[in-house]
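Here's the structure we're looking at; comments come further down.
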There are 2 protein chains.
Amino acid sequence: MPQQPAHHPAPPAGEAAEPVLPAEPTQAKRFGKTRTAQSTALLEDYAELIADLLATGGEARPTDIARRLGVSHASAIKTIARLKREGLATARPYRGVFLTEAGEVLAARVKARHRLVVDLLRAVGVPAEAAEQDAEGIEHHVSDLTLDAFSRFLEARK
Amino acid sequence: MPQQPAHHPAPPAGEAAEPVLPAEPTQAKRFGKTRTAQSTALLEDYAELIADLLATGGEARPTDIARRLGVSHASAIKTIARLKREGLATARPYRGVFLTEAGEVLAARVKARHRLVVDLLRAVGVPAEAAEQDAEGIEHHVSDLTLDAFSRFLEARK
DNA sequence: GTGAAGTTGTAGCCATGGCTACACTTCGTC
DNA sequence: GACGAAGTGTAGCCATGGCTACAACTTCAC
Ligand SMILES: [Mn+2]
Ligand SMILES: [Mn+2]
Ligand SMILES: [Mn+2]
Ligand SMILES: [Mn+2]
C-alpha cells in the first residue's frame with residue numbers, strides 16, 4: 001500500500017476508508033473528455049514538432065519526423081495523411097510537410113502549453129529531465145482553466 | 001499567438017526565437033515512453049474503478065463499469081478480458097469482476113497517484129472540477145520522481 | 001549521365017478500443 | 001413456476017496507430 005499523503009485526513013484506524021464515487025454521469029463525462037484528449041494528442045505532437053523543424057531547419061521531412069518520434073517512417077506518413085485530412089497540414093510528394101493556418105495556430109497553442117507545463121513542474125520541484133518527460137504526456141490533458149492557474153502560480157512566485 | 005509566460009525571457013524583438021530541439025534519441029525516448037503510458041492508461045482506470053466499486057458496493061458488474069466509463073457494455077467486457085489476460089482481474093460469467101493481487105496493487109498505486117495529482121492541482125490554484133477532470137488524464141503520465149516532488153511540495157506548504 | 005544510397009510512398013499485417021446487433025442467462029415479480 | 005426485464009456475452013464492423021516489406025522516386029557522387 002503506497003504512503004498516505006500527510007495533508008489528507010487518515011481513514012479511521014481499523015477499517016478501510018469508503019471511497020466516495022463521483023455521480024455516475026459526472027464520472028462518465030470526465031472519462032469521455034479524457035478519451036477525446038487522447039485522440040488529439042498525436043496530432044498535437046506532430047503539429048508542434050513540424051513547426052519546430054520548419055523553424056530550425058527550414059523543412060520537415062517525413063523521415064526526420066519519424067526519427068524524432070521514434071516510429072517507422074511508414075507510421076509517420078500515415079499520421080501526416082491524417083493531419084492533411086483534418087486540414088492541419090499540406091504536403092506534396094517528396095516536398096516535405098507544411099502547416100496550414102489552422103495547423104500553425106494549433107502548433108503555437110501546443111507549444112505554449114508544453115512550455116507552461118514544464119515550467120510549472122520545475123517550479124514545484126520536479127527534476128529537469130522528469131519534467132520534460134512527463135510534460136510530453138501531461139500537456140494533452142491540461143484544460144485552459146488549469147493553464148490559467150499555472151500561469152498565475154508562476155507569475156506570483158516569480 | 002498565446003501569451004508569453006512572463007517568467008520566460010522574451011525572444012529578441014523582431015525575429016522569431018529559434019526553438020531548441022532536444023537531441024534526436026532523447027526526444028524519441030520521451031515520445032516512446034509517452035506511448036507506453038498511453039497503452040496502460042485504460043487498464044489503470046479500470047483497476048481503480050473496479051476497486052472503488054468493490055469497496056463501496058461489494059461488487060463490480062460489467063454494466064456498472066460501462067456506465068461509469070461512458071462506454072457500451074460490450075466495450076467494457078472486452079477491456080475486462082484484457083485485464084484478465086494480463087493477470088490483473090478475474091471474472092466468471094455472470095459473477096462480476098474481481099481484482100487479483102497484482103490488480104489490487106495496481107489499483108492502490110493508481111488511486112494514491114490520482115489523489116496526489118488532484119491535490120497538487122488544487123494547491124497551485126486549479127478550480128475543483130477542472131482539477132478532477134484534468135487529473136483523470138494527467139495521472140497516467142506522472143512518473144515516480146514527479147510524484148515525489150508533488151508530495152514534498154504539498155508537505156512543505158501544509 | 002549513371003548508379004548507389006537515401007527518401008518517400010504503398011500495401012498488408014496486428015492490437016487496441018470504440019460501436020451496434022443479436023443471443024443467452026439471471027433475477028425479480030406476480 | 002412463468003414471464004419479462006435487466007444484465008451478460010459474442011460477433012462483426014470501423015478508426016487509429018503501430019509494424020515490416022517492397023516499390024518508386026530523388027539526390028548525390030563520381
Ligand atoms: Mn506530447
Ligand atoms: Mn509537446
Ligand atoms: Mn485516468
Ligand atoms: Mn483516476
Side-chain angles (χ1 to χ4, degrees), chain A residues 24 28-50 53 57-98 136-137 140, chain B residues 24 28-50 53 57-98 136-137 140:
Chain A
E24 196 180 276
K29 202 164 299 176
R30 283 182 200 158
F31 283 121
K33 284 194 193 172
T34 299
R35 279 193 301 272
T36 302
Q38 202 99 288
S39 89
T40 49
L42 192 71
L43 296 181
E44 293 181 346
D45 283 337
Y46 269 73
E48 187 184 3
L49 176 56
I50 290 167
L53 288 173
E59 52 178 20
R61 302 188 153 275
T63 304
D64 297 346
I65 297 171
R67 265 200 300 261
R68 294 211 161 256
L69 288 166
V71 299
S72 74
H73 81 273
S75 298
I77 285 176
K78 265 210 282 199
T79 302
I80 291 166
R82 190 177 158 213
L83 284 170
K84 289 196 276 185
R85 207 168 53 225
E86 311 214 357
L88 296 168
T90 59
R92 287 197 332 287
Y94 299 93
R95 292 293 130 199
V97 183
F98 298 90
E136 201 51 72
H140 309 286
Chain B
E24 196 181 277
K29 202 163 298 175
R30 282 181 201 157
F31 282 121
K33 284 193 192 171
T34 300
R35 281 193 300 271
T36 302
Q38 201 98 287
S39 89
T40 49
L42 192 71
L43 296 181
E44 293 181 345
D45 283 337
Y46 269 73
E48 188 185 2
L49 176 57
I50 290 167
L53 288 173
E59 52 178 21
R61 304 190 151 274
T63 304
D64 296 346
I65 297 171
R67 264 200 301 261
R68 292 207 164 259
L69 288 165
V71 300
S72 73
H73 81 273
S75 297
I77 285 175
K78 264 210 282 198
T79 301
I80 292 166
R82 189 177 159 212
L83 283 171
K84 290 196 274 184
R85 207 168 53 225
E86 311 215 355
L88 296 169
T90 59
R92 288 197 331 289
Y94 299 94
R95 291 292 131 198
V97 184
F98 297 91
E136 202 51 72
H140 308 287

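The chains referred to below are lettered A, B, ... by the order of the sequence lines, with proteins before strands, and numbering in each begins at 1. These values consider heavy atoms only, across backbone and side chains, with no hydrogens, waters or symmetry-generated copies.
- Judged as a side-chain contact (heavy atoms from CB on, under 4.5 Å), and not counting sequence neighbours, the contacts of T90(B) are F98(B), T100(B).
- Considering NZ of K29(A) and OG1 of T34(A), their distance stands at 13.5 Å, rounded to 0.5 Å.
- Between I65(A) and T79(A) the shortest side-chain heavy-atom distance does not fall below 4.5 Å.
- In this structure, NZ of K84(B) is placed 12 Å from C1' of dT10(D), rounded to the nearest angstrom.
- Within the 4.5 Å cutoff, side-chain heavy atoms of Y46(B) are placed close to those of L69(B).
- At whole-Å resolution of the value, CD in E59(B) and C1' in dT8(D) are 13 Å apart.
- Within residues 69-82 of chain A, the residues having any heavy atom under 4.0 Å from DNA chain D are, by residue number, G70(A), V71(A), S72(A), A74(A), S75(A), K78(A), R82(A).
- Which of dG17(D), dT7(C), dT8(D) sits closest to the side chain of L42(A) comes down to dG17(D).
- dT25(C) atom P lies 16 Å from atom CZ of R92(B), rounded to whole Å.
- Rounding to the nearest 0.5 Å gives a distance of 10.5 Å between CD of E48(A) and CG of L53(A).
- The distance from atom NE2 of H140(B) to atom P of dG17(C) is 12 Å, rounded to the nearest whole Å.
- The side chain of R61(A) contributes an N or O atom lying less than 4.0 Å from OP1 or OP2 of dT8(C).
- Taking atom CZ of residue R35(B) and atom P of nucleotide dG17(D), one finds them 11 Å apart after rounding to whole Å.
- Of the side-chain N and O atoms in R85(B), one or more sit less than 4.0 angstrom from OP1 or OP2 of dT16(C).
- Atom OH in Y94(B) sits roughly 4 Å away from atom C1' in dT8(D) (whole-Å rounding).
- Considering only the side chain of T63(A), dT7(C) comes nearest among dG9(D), dG9(C), dT7(C).
- Side-chain contact between H140(B) and D45(B) is present, with heavy atoms from C-beta onward closer than 4.5 Å.
- Computed from coordinates, the Q38(A) CD to dG18(D) P distance equals 12 Å when rounded to whole Å.
- A side-chain hydrogen bond (donor to acceptor under 3.5 Å, both in side chains) with D64(B) is found for exactly one of R67(B), R68(B), R61(B), namely R67(B).
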